[in-house]
Amino acid sequence: MILLKHYGTKNITFSNGNPDMGKRVKKAIFPVAGLGTRFLPATKALSKEMFPVVDKPLIQYALEEAKEAGIEEYIFVTGRSKSTLQDHFGRSYELEKILIDNNKSELVEEIKSWVPDPSQISYVRQQKALGLGHAVWCARNNIGDEPFAVLLADDLVLSNPGCLAQMMEVYAEVKGNVVAIEEVLMEKVNRYGVLDIESEDGVVVKAKGLVEKPNPEVAPSNLSIIGRYILQPDVFRKLDNQEKGAGNEVQLTDAIAETLNDIPFHGFKFAGKRFDCGSRLGYLEANLAYALERPSMKDDILTIINKYS
Ligand code: G1P
């Protein structure tokens with residue numbers, strides 16, 4: 001029996017006791033090489049991770065979530081058209097000078113507060129779009145032999161504490177591989193990695209299998225992975241063979257599934273609301289939800305919503 005700070009007392013099956021499986025997570029991978037075809041034409045030249053929700057790009061929400069969870073190094077796996085993303089996380093001396101000249105130095109300080117130190121950021125280029133598993137594998141040398149997090153920025157999670165910080169708390173207890181999960185409608189499981197449940201204990205689910213994008217008729221459950229992972233480096237060894245799975249892509253889900261015999265695997269039903277910002281409706285809903293969170297915007301947004309309803 002253990003006590004999780006935010007989720008009460010749970011019976012959780014502990015890992016095999018290998019201390020390596022519970023090492024502190026200091027690095028995170030952000031796959032940002034996707035083509036974002038679900039969001040064309042907006043994604044033709046702009047990567048979807050740069051889309052703003054209210055006034056902040058999705059990738060910045062993801063980076064801040066990682067930072068809050070104790071991540072110290074951020075590794076972006078990029079593709080083409082990613083220069084705006086690199087500019088976003090670099091200093092802009094020209095902009096800073098203009099702001100200072102216009103007596104807006106508080107904005108300069110605000111920007112400096114979230115731009116990471118250059119030593120904390122690295123970029124790896126995924127040369128071919130071969131799938132999420134391949135994108136993560138491209139960062140293997142930057143990670144080395146350590147556990148790591150993966151954050152998919154188009155899955156935006158509104159929660160306090162952030163989704164990854166919640167997962168870290170669970171990881172400290174269960175160790176091994178941990179993913180964030182949520183229940184989705186059965187007819188939508190074919191968009192996700194899905195858990196085959198071994199045992200369930202409140203918010204923590206132990207899985208005996210994992211399937212990427214199953215047909216609803218054969219899906220083992222409707223507990224779906226959302227884009228947050230804490231993984232052991234053993235997953236890279238499974239990705240080494242670049243085996244293709246669902247959609248003829250190298251799938252991260254398949255590599256995690258291959259470690260199930262050796263590494264404890266748990267899904268975690270995080271507390272919070274997740275928005276699929278890779279889809280038009282999910283993205284628009286996220287903008288409304290995040291704007292409503294801002295006291296300075298809430299009343300105006302409600303007025304606008306009423307106007308159109
Ligand atoms: C990816 C993963 C899938 C996961 C999903 C979460 O799929 O492959 O297992 O459930 O992210 O958003 P994608 O959305 O890249 O097709």
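Just so you know, ligand 1 is whichever comes first in the structure, and atom 1 is the first atom listed for that ligand. Note that these values count all heavy atoms, side chains included, but never hydrogens, waters or copies made by symmetry.
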Aromatic ring proximity, centroids under 6.0 angstrom, Phe148 and Phe236: yes
Side-chain touch Tyr123/Leu85, heavy atoms, less than 4.5 angstrom: yes
Salt bridge flag under 4.0 Å for residues Glu96 and Arg91: yes
Intermediate values then yes/no, side chain to side chain donor-acceptor pair (under 3.5 Å), Thr259 and Asp234: CA-CA 7 Å; Thr259 67; Asp234 314 61; over 6 Å; no
Within 45° cone and under 6.0 Å: Lys273 NZ/CZ vs Phe275 ring: yes
CA sep, side-chain torsions, deciding dist, call: Phe39, Tyr283, ring-ring contact (aromatic ring centres under 6.0 Å, His included): CA-CA 10 Å; Phe39 228 130; Tyr283 175 70; 5.5 Å; yes
Protein residues having a heavy atom less than 4.0 Å from any atom of ligand 1: Leu132, Leu152, Asp155, Tyr192, Gly193, Glu212, Lys213, Ile225, Ile226, Gly227, Tyr229, Gln251, Thr253
